[in-house]
Amino acid sequence: MRAHRTLLIRLPSGVCNVDYINRLMALTNLAYRGYEVWIPDLPKEVQYQLYSFKNFKGSLVFGAKPKGWFARAWVPLKTFRIYQDDSKKGDPNAPIVLDFKSGVIRLRKVCKNEPRYVVEVPMPKWVVGRISEGGDIKFARVGLKDNEPYLALTAEREVEPYQPSGYILAVDVNSWKYGIAWGLVHSRQLVSFKQEKPNLNELLTLYYQAVKRERKHGALMRIGLHRTMQGKRLRRQVKARRSKIYRITRDKAYFLASKLVRKALKYKALLIIDDVIEESRRELLEEKLPPDVIKLLMSNLRRFVHQLEALAQWYGVPYKFERLYSTVCPVCGSKLVQEDDRVMVCGNCGFKAPRDMVPMYWALKLQSRQG
Ligand SMILES: [Zn+2]
């Protein structure tokens with residue numbers, strides 16, 4: 001199986017011409033749609049290699065298919081790799097040079113419409129790490145995100161998932177309020193169980209601080225004073241708090257994905273993911289939380305699932321998506337009733353467990369079925 005991982009590197013704006021990249025992206029969109037257009041004042045080498053990518057259409061190399069005629073498609077580029085031991089791979093004329101000897105990435109002709117224009121960026125540790133794991137970076141893409149130039153490097157690796165040892169690592173994705181619950185199951189027993197979440201107090205404090213400042217800003221706006229020093233300061237403070245909230249949940253998501261994949265690797269476990277995020281959202285709605293707070297408690301959970309899947313693929317951890325119910329009895333299949341303190345009880349057979357533990361009983365059931 002071929003696994004991929006992608007890294008985005010922000011290119012120094014100023015050395016990269018946004019208009020030029022924009023034009024290249026428009027051209028890529030056309031190439032995507034099967035049109036071969038040769039633009040005289042754009043470098044032939046870049047255009048030529050764009051059309052040589054035709055056969056990869058729809059593959060990861062091209063990235064996501066642009067949605068409309070004017071959607072901007074990232075420009076696929078070939079790479080030339082120079083390794084520490086002086087060995088080389090790829091096309092020596094490729095626009096992107098990954099020079100591991102000098103520890104730099106060189107971008108040729110893709111940052112400015114000048115024949116000999118080269119931009120050098122330091123080689124990220126991430127790239128060296130992926131290479132040392134047996135990956136290779138055959139392709140790169142250049143494009144704009146929020147009108148800033150970026151280089152996307154896609155590492156590729158041939159990997160066979162290992163044979164599971166009998167351990168199951170079950171991951172139940174909830175909202176951040178109750179956290180991501182995971183349990184390690186072996187020989188019909190729950191070996192370990194944990195609920196992981198960021199510091200909720202910190203998140204909510206930041207949230208209410210932002211809301212308070214937004215209200216103040218709104219009041220200033222109504223009397224036309226929002227462009228004053230005070231108004232601008234409030235806006236800055238709101239923005240800072242909002243992005244900090246985002247960063248906290250994003251970092252937690254990445255941290256957890258990597259921790260769980262490492263755990264699966266350690267036990268050679270089969271990874272089972274329940275990512276029914278909608279159910280968690282409904283639970284929060286039933287608790288009558290404000291929509292904004294729900295959004296906050298759900299932020300970056302999709303990202304967590306994507307990262308978990310990407311890492312599992314990359315490291316050859318066998319995984320599957322499976323429903324691990326928290327409201328259905330794992331013994332008899334009846335609907336569970338929620339009592340105080342989120343304890344779930346089965347009226348039919350008497351099964352009783354904390355809500356976040358119920359999915360682990362489903363994982364146990366799965367394991368016994370697999371022997
Ligand atoms: Zn039951």
Side-chain angles (χ1 to χ4, degrees), residues 161 163-198 200 252-253 256-257 259-261 263-264 266-289 291 293-294 297-298 300-302 304-306 308-309 312 317-371:
Q163 207 55 40
S165 62
Y167 274 94
I168 284 182
L169 181 62
V171 179
D172 184 33
V173 186
N174 287 308
S175 65
W176 290 120
K177 184 170 179 196
Y178 303 112
I180 288 166
W182 60 261
L184 191 65
V185 169
H186 185 57
S187 312
R188 299 191 168 85
Q189 276 181 20
L190 188 59
V191 181
S192 46
F193 172 78
K194 206 173 171 197
Q195 279 166 282
E196 312 255 12
K197 54 189 169 194
L200 279 185
K252 191 74 188 177
L256 279 179
K259 171 179 166 170
L260 290 173
V261 165
K263 195 171 278 293
K266 185 175 162 193
Y267 293 95
K268 292 232 179 304
L270 169 67
L271 180 63
I272 290 182
I273 311 162
D274 182 355
D275 73 334
V276 186
I277 292 172
E278 276 317 301
E279 196 179 278
S280 311
R281 195 190 301 278
R282 268 201 301 280
E283 194 189 354
L284 296 177
L285 275 167
E286 279 163 18
E287 290 176 21
K288 305 216 167 12
L289 290 171
V293 173
I294 294 181
L297 291 171
M298 305 300 295
N300 287 311
L301 286 175
R302 286 256 161 257
F304 165 75
V305 176
H306 285 158
L308 189 61
E309 197 180 0
V317 173
Y319 69 97
K320 56 181 170 186
F321 288 90
E322 191 100 35
R323 280 310 318 270
L324 302 167
Y325 304 94
S326 54
T327 55
V328 181
C329 177
V331 181
C332 70
S334 306
K335 188 135 180 59
L336 295 172
V337 179
Q338 183 161 335
E339 294 190 340
D340 293 346
D341 295 329
R342 301 180 88 236
V343 170
M344 305 303 279
V345 178
C346 176
N348 185 36
C349 73
F351 172 84
K352 194 171 176 180
R355 184 171 174 136
D356 299 305
M357 288 286 270
V358 180
M360 302 307 141
Y361 286 94
W362 279 96
L364 281 167
K365 206 175 161 174
L366 273 177
Q367 200 217 15
S368 58
R369 223 185 290 151
Q370 286 174 351

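If you read the sequence from its start, that first residue is 1, and numbering goes on from there. Numbering of ligands and ligand atoms starts at 1, following listing order.
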Less than 3.5 Å apart, any donor N or O on the side chain of Glu309 or Tyr319 sitting next to an acceptor on the other? yes
Just by distance, with hydrogens left out, do Arg188 and Gln367 show a side-chain donor and acceptor under 3.5 Å apart? no
Is there a donor-acceptor pair closer than 3.5 Å between any side-chain N or O of [X] and the backbone N or O of [Y]?
{"X": "Thr327", "Y": "Leu336", "answer": "no"}
{"X": "Gln195", "Y": "Tyr178", "answer": "yes"}
{"X": "Lys320", "Y": "Ile272", "answer": "no"}

Closest non-hydrogen atom pair between Met360 and Ala181, with its separation: CE-O, 3.7 Å
Tell me how many protein N, O or S atoms are closer than 2.8 Å to the Zn ion (ligand 1). 4
